[in-house]
Amino acid sequence: MADNSALNSGVDCREHLRPTGPTMSAHVDAIQQQAAALRAAIDDANYRYYVLDDPSLPDAEYDRLMRELEALEAAHPELASADSPTRRVGARPASGFAEVRHVIPMLSLANAFSDAHPPAGVDPDHEVRDFVRRVEQALGIVDPEFSVEPKFDGLAMSLRYEHGVLVQGATRGDGTTGEDVTANVRTVKAIPLKLRGAGWPDALEVRGEVYMPKAGFRAYNERMLREGGKPLANPRNGAAGSLRQLDPRVTASRPLAFYAYGVYRPEDPDAVLAHRYTAAMAIVRGWGLPVCPQSGAVRGVEGLLGYFRDIGARRDQLPYGIDGVVYKVDRYDQQRQLGFVARAPRWALAHKFPAEEQSTRVEAIDIQIGRTGAATPVARLQPVGVAGVTVTNATLHNADQVARLDVRVGDSVIVRRAGDVIPEVVRVILERRPAHTRPWKMPAHCPVCGSAIVREDGEAAARCSGGLVCAAQRREAIRHFASRRALDIDGLGERYIEDLIAFDYVHSIADLYTLTLGDFLAMKRRAEERDGVIPETVKAGKIATKWADNLVAAIEASKATTLERFLFALGIPEVGEATAKTLARHFGSLDALAHASEAELTEVDDVGPIMAAHIAAFFAERRNREAIAALRKAGVHWQETAPQRKVAGPLAGQTVVLTGSLSKLTRDEAKDKLESLGAKVAGSVSKKTSFVVAGEAAGSKLDKARALGIEIRGEAQLLELLKAHGA
Ligand code: IVH
């Protein structure tokens with residue numbers, strides 16, 4: 001393992017950017033050591049994150065190390081090395097993939113299912129018992145040892161390492177010939193570019209699954225739906241589609257990971273790393289390749305079924321998607337004895353879970369109105385059991401998605417429910433489309449309040465324009481306003497909010513502050529009458545009012561709040577908790593924010609033009625201003641502060657790139673000073689760069705600046721500029 005003591009001892013990388021030592025060669029050695037230390041620290045962080053599942057560095061620190069290494073390598077191009085973590089995205093877009101022949105064919109697995117509703121007298125697990133019986137008979141033993149691991153829902157991958165360095169990544173293809181996707185595989189951070197430790201054979205092939213973790217899949221799709229892009233149908237397609245990109249930069253932007261489940265020596269296919277598969281995988285893990293922590297070894301059929309049930313029960317909580325588990329005879333000598341049938345080994349079995357996808361029929365397509373008026377189309381389905389749950393509705397996300405899928409009332413569709421993910425329509429089974437269906441169109445009017453439904457240019461969501469006139473928006477707005485992270489009105493749950501709206505006690509959020517004990521009691525009585533339940537309010541001969549007392553007190557208590565909570569509670573489209581906080585800090589007072597122009601709003605960190613437009617539109621709307629005035633009048637208050645906005649400096653709007661080493665100040669000092677004058681300091685040169693400051697031994701960034709015809713300044717000019725502006 002490389003030594004990273006230079007990092008642990010707190011040596012500042014910047015020190016090495018300028019010559020300090022007495023001799024040049026000592027200086028070069030120091031820089032080389034520094035680069036090696038940074039690379040080792042980054043590789044180590046990846047190893048701890050992906051292999052040990054024990055992250056050691058906060059993201060910001062990891063990014064900082066990467067930037068330091070990039071800077072060092074840019075200033076000293078002679079340090080370049082293909083296995084540096086900065087070189088994951090290297091290759092240019094390809095025009096196609098070369099073929100790779102698999103010396104050892106990539107086989108498939110025999111499948112088994114457990115029948116969830118077996119006919120009387122039938123053993124639901126008989127396929128698994130048959131498998132174990134066949135293994136026992138062929139080996140002449142009882143209760144053989146098996147490795148057990150999840151069956152990952154991704155794409156099979158073969159990785160070739162030569163002398164410990166990743167040289168090739170190939171897809172399975174037809175099992176004999178796959179595609180060379182090396183440039184893409186290199187971008188997967190879970191896959192080491194260089195093996196750790198020692199003792200690996202000169203040529204090593206590791207097989208496993210590239211997959212897209214559930215969290216990454218969800219975040220990616222949420223972003224696509226927000227930005228009007230194309231969401232991925234499922235994590236499996238996400239992994240497969242990402243690896244087949246011709247431009248590795250696209251692959252690099254996708255959240256992919258990897259688990260190893262096989263290891264070979266391509267030069268000697270019969271050789272093994274250990275006597276057992278599980279032991280071999282432990283060795284592979286030591287070399288830095290992730291092996292699934294939910295894998296293990298068991299004995300006999302009961303061991304297998306126990307594992308299957310245990311993983312099945314935890315399936316939704318696992319951070320990756322699986323479609324079953326895989327059993328493998330653990331001892332390699334026994335595997336060899338068992339051999340293969342057709343395209344699958346006799347020593348392994350995939351025990352599959354009931355499908356997460358099912359087909360059913362769309363009975364109607366309704367729209368649901370959210371807090372900000374967003375109109376979400378929802379498919380009403382003929383009830384169908386999917387992965388153990390009855391599904392009757394599935395989201396269609398937005399009008400673009402309906403158009404893309406071309407879902408129509410009457411269609412047969414595939415619905416998917418992956419873990420805790422909201423069921424969704426994956427695709428239409430066109431072969432089963434009945435005659436005379438019509439494409440779906442977003443209705444022109446809100447089904448709840450009748451207001452027009454409008455869709456602004458550049459937005460994925462259509463919205464009901466009714467604002468708080470719309471009961472659906474009112475209900476969602478009040479629910480949001482009262483929620484824990486907003487004004488936190490304890491006890492004001494969904495049921496009470498429904499009834500407050502149903503019986504017309506509240507029209508706007510401000511009305512909450514006019515409610516009296518009598519109102520709550522009257523509301524409850526009416527709800528009880530409507531529902532035909534025994535009035536709880538007069539049970540046992542006395543009127544129970546404690547709950548209403550508590551509610552009135554909670555509403556009163558919510559009046560003392562903070563500006564950031566209040567801003568968040570207003571439910572301005574696109575303004576989440578983090579933005580509310582930034583806005584509160586930047587403007588200090590509600591009035592300053594309410595009077596800010598769109599241009600002033602975009603000056604705030606992280607506020608883009610779309611969000612600025614939403615904020616400005618919100619405060620321009622008379623009803624919103626009235627609601628805010630009413631809330632303040634009712635006594636909702638917070639502490640206002642002086643604005644903490646950054647003043648635009650003389651270099652505002654300029655983007656500067658620093659490269660090479662400076663002699664009079666460190667790079668961080670230069671960065672701080674430039675930023676204090678309003679400039680943005682970027683890590684790489686692009687068309688947007690205003691000028692590049694080139695110090696001693698400037699490298700590839702300088703070349704790029706020259707190629708793009710960008711102005712290049714020296715250290716002296718930088719110092720002059722800083723001085724001229726008093727920095
Ligand atoms: S072992 C000869 N282990 O399943 C054994 N495969 O049907 C070859 N898969 O293409 C594969 N998880 O993509 C194995 N833990 C696991 C797996 C796994 C998923 C996939 C793999 C392969 C397919 C075989």
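This one's a predicted model, so the numbers in the text were calculated from it and none came from an experiment. Note that ligands are numbered from 1 as they come in the structure, with each ligand's atoms numbered from 1 the same way.
For Glu149, a nitrogen or oxygen atom sits less than 3.5 Å from a nitrogen or oxygen atom of ligand 1, counting backbone and side chain alike.
Within the 4.0 Å heavy-atom criterion, the part of Tyr261 lying near ligand 1 is the side chain and not the backbone. When heavy-atom distances to ligand 1 are checked against a 4.0 Å cut-off, Val326 comes that close only through its side chain, counted from C-beta outward. With a heavy-atom cut-off of 4.0 Å, Lys328 touches ligand 1 through its side chain alone. In Pro150, the part holding a heavy atom less than 4.0 Å from any atom of ligand 1 is the backbone. Counting heavy atoms under 4.0 Å from ligand 1, residue Arg207 does not touch it at all.
Aromatic ring orientation, Phe131 versus Phe146: tilted (interplanar angle from 30° to 60°). Between Trp200 and Trp287, the ring-plane angle classifies as perpendicular under the 30° and 60° cut-offs.
Distance from atom 2 (C) of ligand 1 to its nearest protein heavy atom, with residue and atom name: Pro345 CG, 3.5 Å. Protein heavy atom nearest atom 7 (O) of ligand 1, with residue, atom name and distance: Leu109 N, 3.2 Å. Atom 9 (N) of ligand 1 has as its closest protein heavy atom Glu209 OE1, 3.7 Å. Looking at atom 23 (C) of ligand 1, its nearest protein heavy atom turns out to be Lys151 NZ, 4.1 Å. Protein heavy atom in closest approach to atom 8 (C) of ligand 1: Leu107 O, 3.9 Å. Of the protein's non-hydrogen atoms, the one nearest atom 12 (N) of ligand 1 is Phe152 N, 3.0 Å.
Ion pairing between Asp44 and Arg196 holds under the 4.0 Å rule for side-chain N and carboxylate O.
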Q: Go through the steps to decide whether Ser108 and Arg172 satisfy the test side chain to side chain contact (heavy atoms under 4.5 Å, CB included), and finish with yes or no.
A: CA-CA 10 Å; Ser108 44; Arg172 173 167 176 249; 3.3 Å; yes
(Q) Please determine whether side chain to side chain contact (heavy atoms under 4.5 Å, CB included) holds for the pair Arg254 and Gln245, giving the CA-CA distance in whole Å, both sets of side-chain angles, and the decisive distance to 0.1 Å. (A) CA-CA 11 Å; Arg254 304 278 175 87; Gln245 294 292 325; 4.0 Å; yes
Q: List the steps, then state whether side-chain hydrogen bond (donor to acceptor under 3.5 Å, both in side chains) holds for Asp330 with Ser147.
A: CA-CA 5 Å; Asp330 199 27; Ser147 78; 4.8 Å; no
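Neither side chain, Arg134 nor Gln137, offers a donor N or O lying under 3.5 Å from an acceptor on the other. In the model, Glu209 has no side-chain atom that pairs as donor or acceptor with a side-chain atom of Tyr320 under 3.5 Å.
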